[in-house]
Engineer: 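The structure follows.
Because only heavy atoms are used, hydrogens play no part in the values below, and waters and symmetry mates are left out as well, while side chains stay in. For ligands, and for the atoms within them, numbers begin at 1 and follow the listed sequence.
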Amino acid sequence: MSRKNQTLGEFIIENQAAFKYSSGELSKLINAIRLAAKVVNHEVNKAGLVDILGAAGDTNIQGESQQKLDVLANEKFIHTLANREIVCGIASEEEDDFIQINSADNNHQNKYVVLIDPLDGSSNIDVNVSVGTIFSIYRRVTPIGTPVTLEDFLQPGRKQVAAGYIIYGTSTMLVYTTGHGVNGFTLNPAIGTFYLSHPDMQFPETGKIYSVNEGNYIHFPEGVKQYIKYCQREEEDRPYTSRYIGSLVSDFHRNMIKGGIYIYPKSSANQNGKLRLLYECNPMAFLAEQAGGKASNGFTPILDVQPEELHQRVPFFCGSRKMVEKAEEFMRNHSD
Ligand SMILES: O=P(O)(O)OC[C@H]1O[C@](O)(COP(=O)(O)O)[C@@H](O)[C@@H]1O
Ligand SMILES: [Mg+2]
Ligand SMILES: [Mg+2]
């Protein structure tokens, strides 16, 4: 039974037995993510002091200008994961293709693939607003002893064995699930240890916060426009409050604690929206469902969407169950 203020290390060991394939490898993997999180946290916290603010000068496969911290966080996570004999492949927002990681005996014995958004909320890095890292973990489907293939990464979200995020905010937290609820751990920077501060996190069934970039309003589908109008009307428990940090991890985290909905819909400019299915929407959807919330593309649960490409985008509706259901109702009733 998890105890408040238990360390993350203790929690991982104690909960390992609850995991179906428990051979200790997933625990080692979560421990590696914990280590990489601390390394990146250290860099984020002193970002203004050393030369890691601003653009790195390259663009990633999505045509986005890479920030120096995007590149640094990407390197730290890949390096930390690759050196621990647990992963056979890594895919990242900042890498065009997936990275093959062979086991020390050269026999492709490792079982897990990891997909990461090394630095989420890149537009907020230089302005000292909270950012994050998102991770998603699958067991490979191709035979052990053979190199991983794209097939190992293009699994529906429902197949995830673990997912989570790190939020580098007023405090640094690691929030994750292995399919047995969602738990949040806060880093004590003085001693570099994560403690269980938010056991069994739950989305309130409904809330009064909506998060959407209204600057894109005119390009939104009619269903989203009508839902935003519904949120703003003086009726019942409305109007709701608009809150949009512009870092998915931070908007999600706030909504999970206070109740709310985050929407990044398709638009006339982006037919599939902006967020990436594999390393943004799937992990957040797994967390949302494990915390009693809901996540869809406006119609279908995100976790049931069959991925086709590594960096594919998907419209994203996520948060308190009743609010997402209401938004879906508007999408059904107001098709473009
Ligand atoms: O500036 P916009 O278009 O509202 O987009 C903000 C969204 O884009 C993101 O920054 C995309 O993630 P990255 O920063 O990892 O590319 C989300 O964190 C955020 O919710
Ligand atoms: Mg992101
Ligand atoms: Mg990113």
Engineer: Centroid-to-centroid, Y165 to F252, below 6.0 Å?
Structural biologist: yes
Engineer: Looking at ligand 1, does any of its N/O atoms fall within less than 3.5 Å of an N/O of D251?
Structural biologist: no
Engineer: Please write down residue, atom name and distance for the protein heavy atom closest to atom 3 (O) of ligand 1.
Structural biologist: Y264 OH, 2.6 Å
Engineer: Under 3.5 Å, is there a donor-acceptor pair between the T178 and N15 side chains?
Structural biologist: no
Engineer: Is the closest side-chain donor-acceptor distance between N216 and S267 under 3.5 Å?
Structural biologist: no
Engineer: Going by the order shown, which atoms of ligand 1 are within less than 4.0 Å of some heavy atom of N213?
Structural biologist: 2 (P), 3 (O), 4 (O)
Engineer: Check this for me, if you would: do R276 and E64 make a salt bridge, where the nitrogen-to-carboxylate-oxygen distance has to be below 4.0 angstrom?
Structural biologist: yes
Engineer: Which of the protein's N, O or S atoms come within less than 2.8 Å of the Mg ion (ligand 2), not counting waters?
Structural biologist: D117 OD2, D120 OD1, E280 OE2
Engineer: Check each atom of ligand 1 against the heavy atoms of D117 and keep those under 4.0 Å away; list them by number with element.
Structural biologist: 15 (O)
Engineer: Any N or O on S247 sitting closer than 3.5 Å to an N or O of ligand 1?
Structural biologist: no
Engineer: With the threshold set at 4.0 Å, does a side-chain nitrogen-carboxylate oxygen contact exist between E25 and K28?
Structural biologist: no
Engineer: Is H79 atom NE2 crowded by more than 12 heavy atoms from other residues, nucleotides or ligands, each under 6.0 Å away?
Structural biologist: no
Engineer: Please output the side-chain donor-acceptor pairs of residues 240-248 that fall under 3.5 Å, not counting sequence neighbours, one pair per line with the distance.
Structural biologist:
residue, atom, partner, partner atom, Å
S242, OG, E214, OE2, 3.3
S247, OG, N124, ND2, 2.9
S247, OG, S130, O, 2.8

Engineer: Determine whether any heavy atom of L119 lies closer than 4.0 Å to an atom of ligand 1.
Structural biologist: yes
Engineer: Which residue and atom name correspond to the protein heavy atom nearest atom 19 (C) of ligand 1, and how close is it?
Structural biologist: G246 O, 3.3 Å
Engineer: Counting only heavy atoms, tell me which of E214, K274, R276, E94 gets closest to atom 7 (C) of ligand 1.
Structural biologist: K274
Engineer: Around atom 20 (O) of ligand 1, find the nearest protein heavy atom and jot down its residue, atom name and distance.
Structural biologist: Y262 OH, 2.8 Å
Engineer: Mark up the atoms of ligand 1 that fall under 4.0 Å of a heavy atom belonging to E280, in ascending order.
Structural biologist: 11 (C), 12 (O), 13 (P), 15 (O)
Engineer: Is L275 in polar range of ligand 1, meaning some N or O pair under 3.5 Å apart?
Structural biologist: no
Engineer: Could you tell me whether R158 and E289 make a salt bridge, using a distance below 4.0 angstrom between a side-chain N and a carboxylate O?
Structural biologist: yes
Engineer: Keeping the roles fixed (side chain from E75, backbone from L72), state whether a donor-acceptor pair exists under 3.5 Å.
Structural biologist: no
Engineer: Looking at side-chain heavy atoms only, is the closest gap between Y176 and L8 below 4.5 Å?
Structural biologist: yes
Engineer: Can you find a non-hydrogen atom of Q62 under 4.0 Å from ligand 1?
Structural biologist: no
Engineer: Which atoms of ligand 1 sit under 4.0 Å from any heavy atom of L248?
Structural biologist: 17 (C), 18 (O), 19 (C), 20 (O)
Engineer: State whether a side-chain donor-acceptor pair under 3.5 Å links E93 with Q62.
Structural biologist: no
Engineer: Given the rule in the side chain to side chain donor-acceptor pair (under 3.5 Å) test, do N60 and Q66 qualify, once you have shown the distances and angles that lead to the verdict?
Structural biologist: CA-CA 6 Å; N60 62 21; Q66 287 181 315; 6.0 Å; no
Engineer: Please state whether the rings of Y262 and Y264 are parallel, tilted or perpendicular, taking 30° and 60° as the class boundaries.
Structural biologist: tilted
Engineer: Side chain, backbone, both or neither: which applies to F252 and ligand 1 if a contact is any heavy-atom pair less than 4.0 Å apart?
Structural biologist: neither
Engineer: Would the distance check show the side chain of Q312 and the main-chain N or O of E308 forming a donor-acceptor pair, the cut-off being under 3.5 Å?
Structural biologist: yes
Engineer: Would you please determine whether S123 falls within less than 4.0 Å of ligand 1 on a heavy-atom basis?
Structural biologist: no
Engineer: Quick test: of every protein heavy atom, which one is nearest to atom 4 (O) of ligand 1, and how far off is it to 0.1 Å?
Structural biologist: Y244 OH, 2.6 Å
Engineer: Consider every N or O of V249 and every N or O of ligand 1, then say whether any pair is closer than 3.5 Å.
Structural biologist: no
